[in-house]
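In what follows, residues are counted from 1 in the order of the sequence shown.
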Amino acid sequence: MEALEVFKALSNESRLQILQWLKEPENHFTPHEGIDMRKIGVCVCQVTERLNMTQSTASQYLMILHRTGLLKTERIGKYTYYKRDEEKIREAIALLKREIE
């Protein structure tokens with residue numbers, strides 16, 4: 001995990017908001033039928049709707065968070081679902097502490 005990449009990913013208000021929403025997805029999104037948002041994640045279309053922006057921008061934000069390791073993905077049919085990678089988020093917090101202490 002690269003410190004600069006994590007810092008860049010977290011430097012955008014919408015990307016931070018996505019991470020916050022995905023901590024408790026049931027409080028922020030309506031689930032797709034048959035999908036456990038805690039277990040599988042949230043679809044790009046759900047994030048797009050919640051952010052009120054284009055799907056390409058929302059997808060780009062999700063991919064940035066995924067590349068840094070903060071999100072995991074799962075593909076089911078035509079949908080890609082995203083959820084937090086709690087272990088990687090803990091690593092990012094520890095990295096931040098090491099870099100600025």
Return the NZ to SG distance between Lys78 and Cys43, rounded to the nearest 0.5 Å. 9.0 Å
Lys39/Tyr81 under side-chain contact (heavy atoms from CB on, under 4.5 Å): CA gap, chis, key distance, verdict: CA-CA 10 Å; Lys39 190 174 183 180; Tyr81 294 88; over 6 Å; no
I'd like to know if Arg38 and Glu26 make a salt bridge, using a cut-off of under 4.0 Å between side-chain N and carboxylate O. yes
Using a 6.0 Å cut-off, check whether atom CG of Asn27 has over 12 heavy atoms from anything other than its own residue. yes
How long is the span from the CD1 atom in Ile35 to the OG1 atom in Thr30, to the nearest 0.5 Å? 14.0 Å
A quick test of your reading: do over 12 heavy atoms of other residues, nucleotides or ligands sit less than 6.0 Å from CD of Glu74? yes
Do Tyr82 and Met53 belong to the same hydrophobic cluster, where Ile, Leu, Val, Met, Phe, Trp and Tyr are linked whenever their side-chain heavy atoms lie under 4.5 Å apart, directly or via other members? yes
Taking every heavy atom of His32 against every heavy atom of Cys45, the minimum-distance pair comes out as NE2-SG, 3.6 Å
Distance, nearest 0.5 Å, that separates CG of Leu22 from CG of Leu70: 11.0 Å
Test side-chain contact (heavy atoms from CB on, under 4.5 Å) on Leu71 and Leu19 and set out the steps. CA-CA 8 Å; Leu71 295 182; Leu19 283 176; 3.8 Å; yes
Heavy atoms of Ala3 and Leu95 approach each other most closely as CA-CD2, 3.4 Å
Please determine whether residues Ile93 and Leu65 belong to a single hydrophobic cluster, defined as Ile, Leu, Val, Met, Phe, Trp and Tyr linked transitively by side-chain heavy-atom distances below 4.5 Å. yes
With the 4.5 Å side-chain cut-off for hydrophobic clustering, are Phe7 and Tyr61 part of the same group? no
Here the gap from Gln20 atom CD to Arg84 atom CZ, rounded to the nearest 0.5 Å, amounts to 8.5 Å
Working note: Leu51 + Ile18, criterion side-chain contact (heavy atoms from CB on, under 4.5 Å); need CA distance, chi angles, decisive distance, verdict. CA-CA 8 Å; Leu51 287 172; Ile18 291 166; 3.8 Å; yes
Within the distance-only criterion (no hydrogens, no angle test), does the side chain of Arg15 pair as donor or acceptor with the backbone N or O of Lys8 below 3.5 angstrom? yes
Any sub-3.5 Å donor-acceptor pair from Ser59's side-chain atoms to Ser56's backbone N or O? no
Can you measure from CD1 (Ile64) to CD (Glu5) and round to the nearest 0.5 angstrom? 9.5 Å
Reported CD1-to-NZ distance for the pair Ile40 and Lys83, which is rounded to 0.5 angstrom: 6.5 Å
Hey, any chance Tyr79 and Phe29 share a hydrophobic cluster, counting ILVMFWY side chains that come within less than 4.5 Å of each other, even indirectly? no
Do the rings of Trp21 and His28 sit parallel, tilted or perpendicular, given the 30° and 60° boundaries? tilted
